[in-house]
Amino acid sequence: MGWANICKRRMKVCTVAFLIYLDYKTLQQREKWANKTKTDALWENAHKRNAKRVLRLIVELEGLWVKLGQYLSTRADVLPEAYIRLLKQLQDSLPPRPLEEVCRTIQKELGKSMNELFLDFVNVPLATASIAQVHRATLLNGREVVVKVQHEGIKTIILEDLKNAKSIVDWIAWAEPQYNFNPMIDEWCKESPKELDFNHEAENTRTVAKNLGCNTKCDDNTRADRVDVLIPEVIQSTEKVLISEFMDGIRINDIEALEEFGVDKQKVVEEITRAYAHQMYVDGFFNGDPHPGNFLVSKEPPYRPILLDFGLTKKLSSSFKKALAKMFLASTEGDHVALLSAFAEMGLKLRLDIPEQAMEITTVFFRSTTPAKESSETMKSMVDQRAKNMKVIQDKMQLNQKEAKRFNPVDAFPGDIVIFARVLNLLRGLSSTMNVRIVYQEIMRPFAESVLQGNISRGPMENDQWVYDTPAHSNVEAKLRQLLVELGNDNKILGVQVCAYKDGEVIIDTAAGVLGRYDPRPVQPDSLFPVFSVTKGLTAGMLHWLVDTGKLSLEEDVANIWPEFGSFRKHKIKEQLYHYLSFGWICGGIIEHASKRKFKEILEEAFVHPLQIEGEFYIGIPPGVESRLATLTPNTEDLKKLSGISGRTDLPSTFQPDKIMQAATALPALFNMLNIRRAMIPAANGHFSARALARYYATLVDGGGIVPPPHSSSSKPALGSHPHIPKFADQPSLKKQKGNRSKKIAAAFRNMRTSKYEKTAQDSKDQDIGSHSRNTSGNSNTCNGSDTVLDEIIVNPNPQKDVVKIFNNPSIHDAFMGIGEYSNLAKPDGNFGLGFKRYYSKDRSLIGFGHSGMGGSTGFCDIKNRFSIAVTLNKMSFGLETAKIIQLVCSELNIPVPEDYLRYAETGSSDGKPLIN
């Protein structure tokens with residue numbers, strides 16, 4: 001192809017593209033003054049007019065443009081009927097190349113004459129496509145075959161067409177920035193030339209046939225991930241000739257023939273969809289060109305689909321394949337966190353925080369297919385939804401309508417997803433053409449689950465990386481890891497973190513398992529777990545901190561601090577009966593009204609920054625930490641045990657076994673939702689790592705709230721190394737933006753980012769740390785007449801020069817546990833202090849305080865033995881696994897096992913009394 005022809009070809013493409021663009025832009029202006037009836041007619045005529053232009057250009061130029069036309073012809077779900085009607089003739093009925101050219105290529109490639117190769121060669125091709133045409137033939141041994149022969153000079157044409165397509169896409173991106181298809185064309189430029197080597201296609205065909213088990217007999221037709229399709233056997237190949245087994249079949253778009261044979265179109269398309277789901281999710285190696293011309297249906301029952309043409313294939317890495325499966329499952333379950341995590345894993349970056357819009361778009365991506373007759377309604381709903389999403393972006397970025405139209409919310413788009421998206425769209429178009437409805441979420445789910453479950457179900461017995469690779473801090477930790485492995489092998493835990501301090505030093509910091517049922521990534525020390533009511537211990541600590549700093553008095557009426565609370569005769573309330581949510585909301589309101597600051601600001605000032613636990617201690621997560629979140633999963637075995645237990649009079653009404661069972665079933669899905677995870681729920685929405693939670697209780701274990709030395713350096717990444725309020729995304733490149741628009745968008749990005757609170761240096765003075773305070777009233781230190789006060793506890797036997805203290809009140813432990821001078825403020829049942837659960841040893845000696853949560857996560861400290869521990873779990877149990885962990889650690893340290901956990905460890909069951917405070 002000379003330069004003159006190249007320039008002529010390019011000019012034709014650009015001219016037609018510009019005419020079509022100008023036609024539609026002009027019509028957009030005309031419809032503003034036309035009535036609806038006339039407008040519909042104008043659009044219909046425009047579609048017919050431009051479809052003819054596209055068809056004439058494609059037929060004249062052939063090459064890559066035929067591929068484009070074939071793709072467009074399958075999109076009956078979104079394209080006007082005029083385009084579909086004209087372009088579908090491109091699927092297999094292009095003008096054939098001369099027979100002399102075909103024979104010349106065959107003889108040159110195979111090195112023999114036609115008579116030396118075939119007994120019979122049919123001159124009229126079965127089909128002619130963009131790159132090659134196919135002839136039926138008979139080999140010398142009598143075997144019937146098809147011979148695929150590449151067009152002469154097509155390689156040069158295809159490469160030139162790719163350059164022209166790239167130019168058009170660049171121009172569209174300049175003229176209409178919201179339609180930037182550069183990632184798509186870049187991927188196509190990379191993959192399309194591979195179709196020009198038929199040796200490559202032959203190997204692809206063999207690989208896919210082997211992966212789908214087409215050469216083996218499978219008797220198990222009940223498996224959800226089974227595939228029942230046919231693929232012709234490859235007999236011989238060269239770069240430009242491919243000889244394959246002949247399979248007699250009905251073209252899938254020959255609706256009349258299918259009906260004549262009695263073929264179930266729904267079943268055929270479902271089977272094709274299964275075959276592609278297997279290729280994409282299970283194998284990570286799939287055919288990227290499933291247009292109708294590449295499918296036949298066998299003429300013998302059970303009328304199985306025949307898959308053809310594996311020239312354009314895509315191979316995915318194991319990690320990307322899992323990310324795609326995770327994205328699919330996240331969209332089916334509405335799990336925003338898993339979706340954003342999948343985006344991060346596959347390299348898809350957004351320029352702003354729009355999780356709801358990301359979920360909507362992904363759900364549309366995997367939506368059920370619709371028949372062609374519903375395409376106009378489908379398109380209208382998609383256009384409306386896109387307009388709503390752009391309005392959200394416009395408001396969030398504070399852009400005017402013109403700026404919003406030119407704004408692209410995607411910062412980085414992975415090329416690997418382009419062919420994947422193309423396949424889904426082609427399959428969707430095939431379904432519409434066949435006038436059937438395919439529910440992707442049902443058909444593809446077993447395949448997506450299998451790729452993740454296959455990795456997740458590999459517990460400790462099969463996965464030597466199941467325990468996160470960090471050195472053990474002690475012999476106790478080594479024994480604990482053995483216990484975790486046993487629990488993992490018994491399928492009792494999915495993901496877990498355990499961290500413990502003794503005498504101010506880290507003795508355990510272990511992470512094991514995976515982040516979720518559909519998330520095979522390993523739990524790491526910095527992973528964030530939702531811990532439900534464990535959060536109450538933090539909220540209570542914040543209230544005590546405000547009391548300690550003089551901003552609040554425990555004796556004060558709530559209405560004096562929070563005037564609105566005094567309505568409906570609540571003005572005399574000083575304390576409240578226990579309720580798992582209202583407790584936190586009331587405490588949160590008191591904290592904000594007493595401090596006149598935001599709840600999160602107090603949390604950070606009081607504990608996050610002084611303890612150096614940034615990035616791992618949240619009540620309501622900020623954007624940017626989604627990739628570290630563990631996903632909750634219910635423990636179905638525990639639920640079955642609980643269902644047979646009758647009512648418990650010793651538990652509140654909301655914690656009766658039947659109510660707990662309902663909550664345990666519903667809560668995982670609810671608290672996995674991103675909008676819930678980001679919500680401020682001071683009683684139930686803590687997201688902590690075990691090491692941050694253990695450090696909190698290690699600080700409280702000493703009377704003045706003395707901050708322990710820095711966390712173990714062997715724990716990676718280092719505790720506190722994450723920014724507490726992450727920047728959501730890097731500022732996008734705005735080189736192409738000009739003038740005030742560029743400045744305005746850049747300013748909007750700066751305003752959207754929440755700056756991290758700066759740490760304030762705290763001047764610490766040497767202080768004599770004495771024994772636990774005595775009761776100022778002169779009475780013996782008792783609680784309810786039986787609790788022994790913990791006196792003469794040495795809180796800092798090795799004082800450092802720079803000691804950071806959180807509390808100044810020497811009686812802070814009494815306040816936490818509601819004993820001594822604070823006993824009149826605590827509910828007199830012996831179980832709770834002021835916001836904390838009291839922990840007793842087996843002989844009913846009071847040893848410490850803490851708080852557990854639904855699902856088994858917990859945190860507490862034994863102040864007599866200067867011990868603290870935190871356990872976080874994502875497979876929600878009722879406490880048995882947590883009890884086994886704590887019982888082992890305490891026994892090895894020769895310190896009392898708290899009575900709550902000892903009961904579980906000794907009986908081996910919850911007996912209807914879940915470990916929830």
> Checking ring-ring contact (aromatic ring centres under 6.0 Å, His included) for the pair Y618/H724: CA distance, chi angles, key distance, verdict?
Replying inline: CA-CA 9 Å; Y618 297 106; H724 195 63; 4.5 Å; yes

>> Could you check whether any side-chain N or O of Q497 sits under 3.5 Å from a backbone N or O of V523, counting only pairs where one atom can act as donor and the other as acceptor?
In response: no

> Passes side-chain contact (heavy atoms from CB on, under 4.5 Å), L846 versus R838? Steps please.
Replying inline: CA-CA 7 Å; L846 184 58; R838 298 173 184 151; 3.6 Å; yes

> Taking only residues two or more places apart in sequence, or in another chain, which ones meet E477 in a salt bridge (charged side-chain N to carboxylate O under 4.0 Å, His left out)?
Replying inline: R481

> Is the closest side-chain donor-acceptor distance between H609 and E614 under 3.5 Å?
Replying inline: yes

> So, do N672 and L629 sit near enough that their side-chain heavy atoms are less than 4.5 Å apart?
Replying inline: no

> Sequence neighbours excluded, which residues qualify as ring pair (Phe, Tyr, Trp, His ring centres under 6.0 Å) partners of F529?
Replying inline: none

> Is it the case that K536 and S533 place a side-chain donor and acceptor less than 3.5 Å from each other?
Replying inline: yes

> ring pair (Phe, Tyr, Trp, His ring centres under 6.0 Å) with Y696: which residues, sequence neighbours excluded?
Replying inline: F607, F617

> What pairs with E505 under salt bridge (charged side-chain N to carboxylate O under 4.0 Å, His left out), at least two apart in sequence or on another chain?
Replying inline: none

>> Please determine whether side-chain contact (heavy atoms from CB on, under 4.5 Å) holds for the pair V496 and T872, giving the CA-CA distance in whole Å, both sets of side-chain angles, and the decisive distance to 0.1 Å.
In response: CA-CA 6 Å; V496 62; T872 56; 5.8 Å; no

> Which residues pass the side chain to side chain contact (heavy atoms under 4.5 Å, CB included) test with A679, sequence neighbours left out?
Replying inline: I681, N685

>> Checking R695 against H711: is there a side-chain donor and acceptor pair closer than 3.5 Å?
In response: no

> So, Y822 versus S811: side-chain donor-acceptor pair below 3.5 Å or not?
Replying inline: no

> What pair of heavy atoms forms the shortest contact from P682 to T535, and how long is it?
Replying inline: O-CG2, 3.3 Å

> Please walk me through it: do V625 and H687 pass side-chain contact (heavy atoms from CB on, under 4.5 Å)?
Replying inline: CA-CA 10 Å; V625 303; H687 284 75; over 6 Å; no

Throw together a table of side-chain donor-acceptor distances under 3.5 angstrom for residues 890-897, partners on residues two or more places apart or in other chains.
unit_1 : atom_1 : unit_2 : atom_2 : d
S891   : OG     : Q887   : O      : 2.7
E892   : OE1    : K479   : NZ     : 3.0

>> Between E626 and R677, does any NZ, NE, NH1 or NH2 come within less than 4.0 Å of an OD or OE carboxylate oxygen?
In response: no

> Strictly by modelled atom types, are Y697 and Y501 linked by a side-chain donor-acceptor pair under 3.5 Å?
Replying inline: no

>> Would you say that P898 contacts Y840 through its side chain, given a criterion of any heavy-atom pair below 4.5 Å between the two side chains?
In response: no

> Should I869 and V498 be marked as a side-chain contact (heavy atoms from CB on, under 4.5 Å) after you check the CA-CA gap, both sets of side-chain angles, and the distance that decides it?
Replying inline: CA-CA 7 Å; I869 188 169; V498 183; 4.2 Å; yes

> If only atom types and distance count, is the side chain of D548 paired as donor or acceptor with the main-chain N or O of N809 below 3.5 Å?
Replying inline: yes

> Are side-chain N/O atoms of S852 and Y901 paired as donor and acceptor at under 3.5 Å?
Replying inline: yes

>> Which residues pass the side-chain hydrogen bond (donor to acceptor under 3.5 Å, both in side chains) test with H336, not counting sequence neighbours?
In response: none

> Is any side-chain N of the basic residue among D526 and K716 closer than 4.0 Å to the acidic one's carboxylate O?
Replying inline: no

> Is the side chain of S868 donor-acceptor paired with the backbone N or O of F860 at a distance under 3.5 Å, no angle test?
Replying inline: no

> Is the shortest side-chain N to carboxylate O distance from R844 to E899 below 4.0 Å?
Replying inline: yes

>> According to side-chain hydrogen bond (donor to acceptor under 3.5 Å, both in side chains), who are the partners of R628, at least two apart in sequence or on a separate chain?
In response: none

> Who are the ring pair (Phe, Tyr, Trp, His ring centres under 6.0 Å) partners of H473, not counting sequence neighbours?
Replying inline: none

> Partners of N865 by side-chain hydrogen bond (donor to acceptor under 3.5 Å, both in side chains), sequence neighbours excluded?
Replying inline: D862

> Residues in ring pair (Phe, Tyr, Trp, His ring centres under 6.0 Å) with F849, at least two apart?
Replying inline: H813, F816, F836

>> Check for me whether K837 meets the cation-pi criterion with Y839, that is, NZ or CZ under 6.0 Å from the six-membered ring centre and within 45 degrees of the ring axis.
In response: yes

>> For R691, give me all partners under side-chain hydrogen bond (donor to acceptor under 3.5 Å, both in side chains), at least two apart in sequence or on another chain.
In response: E616, S715

> Of the non-hydrogen atoms in S689 and L528, which two are nearest, and what is the gap between them?
Replying inline: N-CD2, 4.0 Å

>> Using every non-hydrogen atom in the two residues, find where P668 and M876 come nearest and quote the distance to one decimal.
In response: CG-SD, 3.5 Å

>> Between T882 and S857 (side chain of the first, backbone of the second, donor and acceptor by atom type, cut-off under 3.5 Å), is there such a pair?
In response: no

